[in-house]
Structures are given as structure tokens and as C-alpha cells.
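Please read the structure below before turning to the comments.
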2 protein chains.
Amino acid sequence: MLQLTQVRCFVAVAEECHFGRAAARLNMTQPPLSRQVQLLEHELGVELLERTSRSVRLTQAGTVFLPEARRLLRSTEDAVQAARRAGRGALGQIAIGFTPSNSYDFLPRLISALRADYPDVELMLEEMITRDQLAALASHRIDLAFMRPPFEAAGIRSRRVLAERMVAALPADHPLAARDALTPADLEGQELIMYSILGSGYFHDIVHRLLVSANIRPRLVHHLTQIHAVLSMVKTGVGMALIPESASRLGIGNVICRPLAFGEEIAVELFMAHRADDASLVLENVMAVAAKIAETGRPSTPSIP
Amino acid sequence: MLQLTQVRCFVAVAEECHFGRAAARLNMTQPPLSRQVQLLEHELGVELLERTSRSVRLTQAGTVFLPEARRLLRSTEDAVQAARRAGRGALGQIAIGFTPSNSYDFLPRLISALRADYPDVELMLEEMITRDQLAALASHRIDLAFMRPPFEAAGIRSRRVLAERMVAALPADHPLAARDALTPADLEGQELIMYSILGSGYFHDIVHRLLVSANIRPRLVHHLTQIHAVLSMVKTGVGMALIPESASRLGIGNVICRPLAFGEEIAVELFMAHRADDASLVLENVMAVAAKIAETGRPSTPSIP
DNA sequence: ATGGATTGAGACAGGATTGGTATCGATGCT
DNA sequence: AGCATCGATACCAATCCTGTCTCAATCCAT
């Protein structure tokens, strides 16, 4: 069978037009080099070089074969490099699931960081709710899930990547917009836009716990799922809303965010989860980047924009 | 260094997902196959297969490497085939020189025959006169020349490919167009369009010898180089002309060709010439096709269209 | 013209590599 | 629990590859 060493030998001789120099370049002596080229020619059944005992010249067949041979060696090197990079987890693909609310801040930052650090890792992104992500992990539909607590599933390992406070989103002309932070008394009786218990159960529960912990009963209006829909409501003056601090960076005009002076213990948490038996280095690298972003990306305590 | 056998082994195992079956497919036993794959993995520094002693699965790196490996094997096969075809003279390139008058009939037939028999031989065609072709052969500018006698040059080998009669080209309404063949007496005193002694010296000489041999003195008008220009003159009724029989197939309307009843010994000859030391198989094949065309292509004796 | 230098090929020995046989350890199924 | 299957390992024989030495052919210089 054709040997790559033979091809390498031929290319060297063809480029040097001299067996001795080619042998030196290949760190070998001339006789075995001659033999390798002979073997190649015999294998092909074609004379590639015309030896005149004083000079070496390519035959027509050699002229045809030389670029093919070069391409072959280059392809080989490429294949080796690809395998090595894949082995390091710098090349490959990963399917990532994420909850809708992550698409506003965390996910874009993760994606751009991955593009920078691992440009050859192909990302397949899929928006789904926490419960679906657990099933998708188990069925290998996704390899990594960014989701909300609580969850529990066998064979799934998870770690918290983000914890942030809820902030109040107010119309710019709202009286409370002048305050630095809002107290429970501020919210009492206010029009508060609420999350749907079905589509956004996690945020529904967070807000509910916040209200209960502070023992306040605002007037709850609407029940929406998407945070940007909630913010649109706020913008048009329907009322105020409680949103995760990161969502305040959505940059919707006419909306002012203010921290809450209560319920510090109630945080919005984001977990990433993967199959416990998944030893993929791509996964490992992606999770490392996600962890790095979570640490250094933005402060997780509320800030006043 | 990376071995193609290792790549082949890996592809077989990856496709079968089973060392035993892969070994059978490769006509070898399982242990050395395992070893080859291990060597490949060690060479790459990457684990390509995940062996669970009950099943074999590709790792992510293996998934990346498999298509690369397949491509590599395919490229190898392609390179081998290309070299073999080049060795047979079925792949390569050849530069061919030809005289202007060959472009009308012989060259088109040669080209189409070559396209059919040797589709991967690249033709580089260049029109030039006989004297220039000898120089171009010597300087390797062309490899094969189709040209007119007489010529002589050291290191050039030639053979005659065509010999054809001259025929008379007449306007369709010419009185002589009714004849089957023209005698010397028919031509006496006729308006005869002549070739330039400079640009078409060969045809000038042929016509001159024909007239001398038959001892006729027509009225010579014009001195043109290109046969199609001559025929245009004939078409518009300027006079008659003597043209090589093959040129009568140019298919110019309003022109009738008639054989000559004299000067049988004076033929238009076409030679092909090449460097005597050129051992190219492409050249050999092209010359064989040219010879075949010359023999079987068309009758070389005048015929009445 | 003739001797020296250079070039590629051939002969041969030693060592590495490859493929085969026998066997082991692990895992899944009955 | 025992058997079958599968991949890995150990070991051996054959082959192949490489390096040294050498030769034939050619070119160049004297």
C-alpha cells in the first residue's frame, strides 16, 4: 500500500532535484531515499523522476503527481491538527439549552466569549424551559443546560453560575423613580405586573416569595411570560414590575430600575447542568468559559443604572 | 509519522464499530488492528474511540477525525489514479503548433478526437508558420508541430500525416463549374487568385508548380494569405482559385469545387514533427490519434461535393 | 585526453516494525 | 453463577526499513 513516507520522500526529491540534498532534508541517507522513491514508483507503476546520474528531473507523470502529493501531505497535517484540536476540546460541537430569560444578558455574553476563545466549537442553541432541558439532556438532545432551580434528576450534575437580585422596573415618570431603593411600604398598593405561573413559574415564585417575605400586597395586574413583554408594559406606564437585575440591561427606554431594600436572601439563580457521564472536553471548556463569565462578567448585586 | 495503514484501520473500525468485523474487512486479525489504532491515537495524542469492552464508540475527536481520514484516503486514491493515468499518457498537457491552413479541417478533427480519447490531456494550441514551429519545438515552446514541407532540423523527427490534392474553387455560376474535372486548357487565361509568396509560401509554391507542370499561364490576380480570404474572393466572382481539397469543406456558399485532371504528383502534404528525444507518452498518444485521423478520417483523393 | 569528483543505485547487516497466535480481563446475557 | 463476547496484552516470526560500504556513470578540470 501507498506509504506517506514514500510520498514525503518523493516531494523532497522533486523539490530539491537532488537525492543527496533531499536525503539531508529528510534526515536520512541517500540510499534508502532512493529506494523509497523506487518503491513509490513501483507502487504506482509509473516513473516519476528521470535520473540522468547527473541530474534529476520530473517526468510528465511526476509533474502531475507532485501537486497531488503536496496536497496529500497538507491534508494529512490538517487532519492531524483537527484531531488534536478536537482532542483539546477546541474543535467540535455542543448543543446548549437555555431558558428564555437567559437570552437577554448571560447567553449573548457566553456566545461572544466562546467565539473568541473557541472559534471552532460549533454551538447549537435551543431555547427551552427548565423541565424540558432535563429531558433534553437525558436524551442527548442537548449537552449543556442553563436553567432555573429547583430541579433534580438522576445522572445530571449541576453548578450555580449566577445569582442576582431582583430590581424594580418603573416608568421614568413614576414617583418612586426618584428613590434610591424601594422599601416594602413603597410597593404597598402599587400596580405590579406579574409573571405567568405557567410560562414563567420561576419568576412568578420569586416575586411571590419577595412579596410574602415583605408582607406586602400590591395590586397585581396581568400575567405575562416574557420579560421584555413585562418591560414594554412598564414602559407604557401600566405599572411597575420586578425583574432580574441583568434584564435591566435590556436597555428599554423610559424604564428606570431601582434596587429593593428588602428580600436580600431571595436571589434569582442560574444553574448549568450536564450529564454526569459526559466527559467531553468541549463541554468542559464551555463550562469553564461560562464560569469565568459569571465571576468576572458583571456585578451580581443590584446597581443603579 | 502518521501511517496511511493506521488511518485505514481507524476508518474501518469507526465504520464497523467493532474491532473483529473491521479486522475481517481489512483481511487481518484483531490484535494488530487494535495496535494500529492505538498507535494512531498515540501519534495524534488523542483518543479517537471509546472502548467499553462491549461496544466501540467514536469520541468527539474521533467524530471530527473520521471525515478527515476518509478524505485523506480518497485523496490518496485520487493521487494514485492521476499518476497512473499520467503514466499512461492519458493525463497531462501538450503544446501543439499548427499552420493556419490546418485550422480549417484537420485540427478541429484532431481536437475532437483527442477530447474523446484523452479528455484529461490539456491541449495548448498555437498557430504559427512552419519555420517558427521548428524554433518553438527546439525551445520547448511546443511539443508537437503540424507543418508543411520542406524543412530540416537536427533533433527533430517527423512523419507525414496527410497528403491531399489541390482542387479548383469556382463561383457557382462559372462556366467551368459544369465540368467534372478541369484540364490545363480549361485554366488557360482564367482569372486565378494567387497566394502570397510571403504569408503562404507553401501554397504559392504548390500552385506555381501545378501551373508550370501543366504549362499554363492563367491571369494571376491578388496575392492573399488566408484560404478563407481566397474563398471569399471566389464567392464574389473575382475569379477561381486552387485550394487544398480539405479546405473545400469550409462550406462557403456559392463556391463549387472541381478536381484537377492534371498534376496528380503534386500533393499538399502535412507533417507532424516532434523533438527526437521527447519520450512523452502524451505526445505518443496524440500522435497516434493524429495518424488514425489521417488514415480513416476522410479520403485524401479529390471528391466532388 | 585523462584523472578526480559527484551522483544515484545496489549489496548487505542490524534493528525496528508489523502481523499472527495464544491468552487475559471485563462485561453482558441466560 | 456460568458462559459468551469483545478488546487488550504478551510473545514470536517475518518483513521492512535504515545505514554503511561500494560501484557505475557522468561531468569537469587540468
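All of these numbers come straight from a predicted model, not from anything done at the bench.
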Just checking, is any N or O donor in the side chain of Ser75(A) or Asp78(A) under 3.5 Å from an acceptor N or O on the other one?
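No pair is found: no donor N or O on one side chain lies under 3.5 Å from an acceptor on the other.
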
Any chance the side chains of Arg51(A) and Ser34(A) put a donor and an acceptor closer than 3.5 Å?
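There is no such pair between these side chains.
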
Measure the distance from [atom1] on [X] to [atom2] on [N] and round it to the nearest whole Å.
| X | N | atom1 | atom2 | answer |
| --- | --- | --- | --- | --- |
| His42(B) | dT17(C) | NE2 | C1' | 16 Å |
| Glu47(B) | dG7(D) | CD | P | 14 Å |
| Leu49(B) | dA8(D) | CG | C1' | 14 Å |
| Leu33(A) | dT18(D) | CG | C1' | 12 Å |
| Arg57(B) | dT27(C) | CZ | P | 15 Å |
| Arg8(B) | dT18(C) | CZ | C1' | 16 Å |

DNA chain C contacts made by residues 15-31 of chain A, counting heavy atoms under 4.0 Å
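Nucleic-acid contacts, sorted: His18(A), Phe19(A), Gly20(A), Gln30(A), Pro31(A).
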
Are the aromatic rings of Phe271(B) and Phe146(B) close, with centres under 6.0 Å apart?
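So the answer is no for these two rings.
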
Protein proximity profile, nucleotides 12-17 of chain D - base contact B, sugar-phosphate-only contact S, no contact -, cut-off 4.0 Å on heavy atoms:
-----B

So with a 6.0 Å cut-off around CG of Leu125(B), is the heavy-atom count from everything else above 12?
yes

Would you say Arg25(B) has more than 12 foreign heavy atoms packed within less than 6.0 Å of its CZ?
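Yes.
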
For Val282(B), the option from Asp143(B), Val121(B), Leu144(B), Leu123(B) that meets side-chain contact (heavy atoms from CB on, under 4.5 Å):
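Considering Asp143(B), Val121(B), Leu144(B), Leu123(B), a side-chain contact (heavy atoms from CB on, under 4.5 Å) with Val282(B) is found only for Val121(B).
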
Test side-chain contact (heavy atoms from CB on, under 4.5 Å) applied to Leu114(B) and Val286(B), Asn285(B), Ile94(B), the passing residue
Val286(B)

Do Glu15(A) and Arg70(A) meet the salt-bridge criterion of a basic N to acidic O distance under 4.0 Å?
yes

Check this one for me: any side-chain N or O of Ser34(B) less than 4.0 Å away from OP1 or OP2 of dG7(D)?
no

